[in-house]
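Single-structure report; data block below.
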Amino acid sequence: QVVFALNQTLLQQESLRAGSFQIPYTTEDLIKHYNCGDLSSIIFNHDTSQVPNFINATLPAHERITAQEIDSYFRQELIYKRNERMGRRVKDLLQAYPDKSFFFAFGAGHFMGNNTVIDVLRREGYEVEHTPAGQAI
């Protein structure tokens, strides 16, 4: 799986350099949607947008299965579990110090796809609101 993932990542990078493969969104798209609080937009609908996409229609069946296993592993280990840990840490701090004010800053990756830090906190009963850029807190 490691060799397969490395080969697929290298192939994607070579395709990007050659211009035969393009990322479906630009950095400006990411910034615009982040600032608008629209992180469930079409560009973020795939849970693994933060990791290389190994699944494509040109793979033979046995390699497609390997790609799906790697994709599932990344989604579970690098996204869902990470966000669960981050959300629990925030919850624990808020509960341990109920009279304190906190400011938590996370990278945009913690807010994309499903099972985000915000989803974890909402499941715990917290109300989370988006504050647009430039708006006073």
_Taking every non-hydrogen atom, the tightest pair across Asn115 and Arg123_ =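 Looking at all heavy atoms of both residues, the shortest contact is OD1-NH1, 3.8 Å.
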*For Lys91 and Leu121, which heavy atoms make the closest approach, and how far apart are they?*
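That would be N-CD2, 4.1 Å.
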*asked:* Determine whether Arg17 and Glu14 satisfy the following criterion, side-chain contact (heavy atoms from CB on, under 4.5 Å), listing intermediate values before the conclusion.
replied: CA-CA 5 Å; Arg17 280 196 192 137; Glu14 289 171 358; 5.6 Å; no
*Crowding at CZ, Phe102 (>12 non-hydrogen neighbours, <6.0 Å)*: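 Yes, the 6.0 Å shell around CZ holds more than 12 heavy atoms from other groups.
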*More than 12 heavy atoms of other residues, nucleotides or ligands under 6.0 Å from OH of Tyr73: is that the case?*
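Counting other residues, nucleotides and ligands, OH of Tyr73 stays at 12 neighbours or fewer.
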Do [X] and [Y] land in one hydrophobic cluster if side-chain heavy atoms of ILVMFWY residues count as linked below 4.5 Å?
| X | Y | value |
| --- | --- | --- |
| Leu93 | Ile118 | yes |
| Val120 | Val128 | no |
| Val3 | Leu10 | no |

*Output yes when a side-chain donor or acceptor of Asp119 lies under 3.5 Å from a complementary backbone atom of Thr116, and no otherwise.*
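Yes; at least one donor-acceptor contact below 3.5 Å.
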*Short question: side chain of Arg122, backbone of Glu127 - any donor-acceptor pair under 3.5 Å?*
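No, the answer is negative, given that no donor and acceptor are paired below the 3.5 Å cut-off.
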*Could you walk me through whether Leu94 and Phe104 pass the side-chain contact (heavy atoms from CB on, under 4.5 Å) check?*
CA-CA 11 Å; Leu94 293 172; Phe104 298 100; 4.1 Å; yes
_Point-to-point distance, once rounded to the nearest 0.5 Å, from CD of Glu63 to OG1 of Thr66_ =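 One finds 7.0 Å between CD of Glu63 and OG1 of Thr66.
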*What distance do Glu84 atom CD and Gln76 atom CD have between them, rounded to the nearest 0.5 Å?*
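Rounded to the nearest 0.5 Å, the CD-CD separation comes out at 9.0 Å.
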